[in-house]
Amino acid sequence: MTTPDPQLSRESRSGVRRTVWRSVAALVGMFAFAFALVPLYDVFCQVTGLNGKVSNSAQAVMHDGVDQSRLVTVQFITRSGSGLHWQLGVETRQVRVHPGQPTEVGFTFDNQGSEASWGRAVPSVSPSQASQHLRKISCFCFDEQRLAAGERREIPLVFQLSRDLPSDVNTVTLVYTLYPVEGREASQQANTRSLQGEEA
Amino acid sequence: MRTLLVWLAGGLSLAGSIQVAMANGWNMPVGVTELSGNIHSLHMTIFWICVAIGVVVFGVMFYSLFRYRHAKGAKAANFHENIVVEVVWTAIPLLILIGMAVPATATLKQMYDASEADLDILVTGQQWRWRYDYLGEDVAFTSNLGTPRAQIRGEEAFGENYLLEVDEPLVVPVNRKVRFLFTSDDVIHSWWVPDLAVKQDSVPGFINENWVRIDEPGVYRGQCAELCGKDHAFMPIVVHAMEEEAFDTWLADRRAAASQEAQGIDREWAMDELMERGEQVYTAVCVSCHQEDGSGNPPAFPALAGNQALLDDRDRHIDTVVDGVSGAAMPAFRSTLNPVEIAAVITYERNAWGNDSGDSVQPSEIAERLSD
Amino acid sequence: MWEVVKSVLAAFFGVQKEQRRCEDFQHGRAAVFITVGLLMAMLLVVLVALVAVVAAR
Amino acid sequence: MATNPAPKPVPQHASTAAGGLAEAHPERPSGLLRWLLTTNHKEIGTLYLIFSLTMFFIGGVFAMVVRAELFQPGLQLVQPEFFNQMTTMHGLIMVFGAVMPAFVGLANWMVPLQIGAPDMALPRLNNFSFWLLPVAFTLLLSTLLMPGGGPNFGWTFYAPLSTTYAPPSTTFFILSLHIAGISSILGAINIIATILNLRAPGMRMMDMPLFVWTWLITAFLLIAVMPVLAGVVTMMLMDINFGTSFFNAAGGGDPVLFQHLFWFFGHPEVYIMILPAFGIVSAIIPTFARKRLFGYASMVYATAAIAILSFLVWAHHMFVVGLPLVAELFFMYCTMLIAVPTGVKVFNWITTLFRGSISFEPPMLFALAFVVLFTIGGFSGLMLAIAPADFQYHDTYFVVAHFHYVLVPGAVFAIMAGVYYWLPKWTGHYPHERLAQWHFWLSVVGVNLTFFPMHFSGLAGMPRRIPDYALQFADFNLVSSLGAFLFGASQLLFVAVVVLCVRGGRQAPAQAWEHAEDLEWSVPSPAPLHTFETPPTFERPAH
């Protein structure tokens, strides 16, 4: 290069090399840590019920009896995200259950589109501290499903509120939002592109 | 000593003037709920603490700057460390803050207790409007910006509640606990009404909750508080708090109107009826993207006027309005508009601005498509 | 070791004597201070989390 | 580029670096090639400072567009989409283009001089990390011209607005952030290697000036935090282009995860922007108060603690996103705990002034304005730490007022104070006294006229990032806009002062300021291109 490197003494040159390698190691470590935060976040959410996340794996029924003294209202809301022809209906909008009592509620998936498509129902619970105590025995949460054109499918949700649900929680709201599953068969999104495409 | 007195007098008069200024429209509203009052008092407490510390700190500073000027031949002392002083001036703010933490925790716990609500309202944020569903009452409507676009462009004089008015306000009862559930259809919005001290993000795919018990009837205005795109400033919130009986009658009327509109679904609507209702819906909902003249602004928002592909493919036109487009700004209107409104707006889009495709869409066809 | 912990506590509090600083920099090794600092930060996290959980009840 | 004044009699071996007469070494290229290929820490420092000043004006122009639109209610000037691009680009250019490179420029110039090192540890890497910046920011600015416009989702680029609903130019925005991030990381490695290994014999870690110590802590923060930003931005890239759903609820992701990751980077980032300012002010105030810094050890220990504690408080930016009660309480308490040791450092500067012998040269004026106005920003920060109150403050102009008070009279005034303080050393001339005072007073009036009303418009209910507002906020915005134009215009004076100082002005001796005691004042002014070829013997001042 143009200006000669200043003559570093031997040990400061090795010191520099050591510092550089330690910094590079720290950098790679922190970059990996950023990506490790993603699964860590999910684990943390399930443990603390942060942001209404719900454990998606089915859990066994807890048989430690029903707490007759308390009634908790569980509300169900079904919503459809954009881009999917489906309609999600629920048998009853609200149930009153005792903590510990397994309950079943019927949900109907209804594909009103003119062709088969893939979709899934994304759950969310509020208040967030209740989501740890909402045990799903059988649930379609996050399951990718394929419905033929015009097909209607009944899927039950069996759940159980654990007995140690905090006493100040007496209403739990469970929301399911329908979303298309990208990448599977041409979902609604693909063929409307041409409708928009022409105008650009 | 004299300068100290002058400085304290100055500080106090400054504080006094701030207090006066704070009264009218310069400060956080005291609000109309117990919680908004608590938050206001927390705000004023920490504010006055900061002012007090500020007066002392800046007092010492300006005193030193004035008193120990080099030009006046001040000789610098040689102290540069005094642990006791440092510990004291670190401990005091720490204790003050810990002192503040106690009422703050109490207020926060109150804010998070949304149990035993008398009424549940699902608030859904959409790109650039709010939708309110009264759970269990099957009363639901969308609340759009009421300020005419001409005022925004400066062609007309500003209205009294410029940018803080909607076509259909959210109506809630007074003295009852109303629990809000927040979610979004597209991006993150934030529902905020300063007078109620409620601000909660509505995150797509997730549900948040908050609550309010309003003490005084009245109209309370707020805005979206999280950047959500083009019309983030144009999706206001108006909450109309009514006496309890008035609210009950209002709710009953709305329920009747909703069912009455529902009966209208299966009768045959004349073309001009559809066009007139369609224009209403179009102006309220679709103008913010597709413009009044249907020109849109491509590529983000496609033009509808003279859109031959749209006119040729009637089914896809219906699909797009009913199910929206995933990953684009076009929301699914299936759960936002009722069959009459959807049929009317599609008919309007197919026959306005010189499109005149001649065909119309009947509400019954939409209802049948939605329920089969 | 106790010296290092005291120094890190002083750092968290934000006040330290000049004389202690000279001793720390002369005798102490940076790596020790950093690790003790990280451990005490985690301790602080656990402590404050406990206070938060108790306060939330 | 830097102007070359007429040749002046110059001592045989010395050659001024900062654009002064470049005495031609036999093989040294001259003109543009000299600046492109330079590995000298003084020339690269000058490049960083010139780049930062340019970005400061470009970001300033974007701010002028924003303030011009907000001058009155109604949309007069720009459409909302373009307004959002202006606010986003203003934030990005100011944070990553103006403030950080300015501090890196000051570090490049002064760290080797203050520790008696001949140059940075890795000179060629130093050149490379500078020349990454013009590439990154040319790319970022070019997104404004792309179809669909530039980034319009705020400098915090929250998902899904920045992923699913973003303009097509977002991928270029991501690439430019990557390049700028790499430049910061390489700069940080270089500074750590220099400070740890190239100190003059006899200067132990404990004898380093506070500017060097705060920069060491900042460099550690950069190493720890920039990879997290790179990670977040890579996840965004994968969400937009490769169909993953890190932040897309439809595919099992979570937009709130984005906010956690972003602010885990974001809060240490704001400390990165203020710690060097603490270092500069801690060098200037003792010099002009003619009294040693009060509580030097506390300052060193507090800044060291920030390196760790700043990682515990990120979610106080997310109090309204729907965190559970326990998390809100945790972050409120942590924010309060760490606000005190850092905020209290202001008392150290004020006690240094107490019973000093104070004179008011331009660097001291800016340092004093920093202390006063940064403290006001600190107080509004304390108010924001109260979580229930934050439900009313969050995402309003109260927050805009807070972070502008800690950034404009905070970081930017400290940078200007540093430039005024070291200009004699760089150019051999004192800055023009009268012009500097005009620049100071106009800036102070402009800053307060602009940002003080924002406290009230925020409290009265005006949300952030809106191109148009209701009538009750009209007066506040009118005053803010006038203040903004005044502040913007007064920065031209700063350019005038710097250019005049480079070209001429009162000659400055090596010891430009009477009571300054760091190592850089032992080299001649203007500092020759090569200093401390043979490491100086450092005799420990009577501590």
Side-chain angles (χ1 to χ4, degrees), chain A residues 1-9 11-38 41-42 44-45 48-53 56 81-84 119-120 122 124 126-129 131 142 177-183 200, chain D residues 25 27-29 33-34 37-40 117-119 121-125 127 185 188-189 192-194 196-198 219-220 223-232 234-235 243 245-246 248-254 256-257 260-261 264-265 321-327 529-530 532-533 535:
Chain A
M1 289 310 288
T2 56
T3 45
D5 272 350
Q7 316 73 15
L8 299 180
S9 61
E11 77 284 350
S12 57
R13 185 178 300 286
S14 68
V16 165
R17 203 171 297 118
R18 190 171 29 133
T19 315
V20 167
W21 283 115
R22 281 202 197 142
S23 311
V24 168
L27 286 168
V28 170
M30 282 309 286
F31 189 74
F33 174 72
F35 275 86
L37 280 179
V38 178
Y41 178 72
D42 283 339
F44 183 73
C45 289
T48 61
L50 179 77
N51 208 356
K53 276 220 194 266
N56 305 320
S82 54
L84 193 63
R120 82 170 67 166
V122 172
S124 177
S126 180
S128 51
Q129 67 261 34
S131 51
F142 277 113
T177 313
L178 272 178
Y179 282 109
V181 178
E182 262 68 13
Chain D
H25 281 280
E27 77 293 340
R28 273 175 51 69
L33 218 54
R34 163 190 168 201
L37 306 174
T38 172
T39 58
N40 179 284
D119 201 308
L122 306 144
R124 284 184 293 277
L125 185 73
N127 177 295
I185 289 174
I189 294 179
I192 293 178
T194 309
L196 293 188
N197 300 297
L198 267 66
F220 279 126
I223 294 283
V225 142
M226 290 312 273
V228 175
L229 175 70
V232 171
T234 311
M235 291 181 206
S245 22
F246 283 100
N248 178 4
D254 183 351
V256 177
L257 168 64
H260 281 293
L261 288 174
F264 185 80
F265 145 78
V321 87
L323 297 177
L325 178 61
V326 176
L529 204 55
H530 299 294
F532 297 128
E533 289 297 311

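By convention in this document, chain letters (A, B, ...) are assigned in the order of the sequence lines, proteins followed by strands, and residues within each chain are numbered from 1. Computed from a predicted model, the values in this text were never measured in an experiment.
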| task | Answer whether the closest heavy-atom distance between the side chains of D:L261 and A:Y41 falls below 4.5 Å. | result | no

Hits for side-chain contact (heavy atoms from CB on, under 4.5 Å) against D:F532, two or more places apart or cross-chain, chain-then-number order -> D:L113, D:L519, D:S522, D:V523, D:P536

Exactly one of D:T194, D:I189, D:L122 clears side chain to side chain contact (heavy atoms under 4.5 Å, CB included) with A:V16, and that residue is D:L122

Please output the side-chain donor-acceptor pairs of residues 18-32 of chain A that fall under 3.5 Å, not counting sequence neighbours, one pair per line with the distance.
unit_1 : atom_1 : unit_2 : atom_2 : d
A:T19  : OG1    : A:G15  : O      : 2.7
A:T19  : OG1    : D:N197 : ND2    : 2.8
A:S23  : OG     : A:T19  : O      : 2.7

On a heavy-atom basis, the closest approach of D:P227 and A:A34 is O-CB, 4.4 Å

Okay, D:F246 and chain A: the region with an atom under 4.5 Å from a heavy atom over there is side chain

Honestly, the part of D:F264 sitting under 4.5 Å from a heavy atom of chain A is side chain

One option among D:V326, D:L125, D:I185, D:L196 has the most heavy-atom pairs under 4.5 Å with chain A, and it is D:I185

Here the gap from A:F35 atom CZ to D:T234 atom OG1, rounded to the nearest 0.5 Å, amounts to 4.5 Å

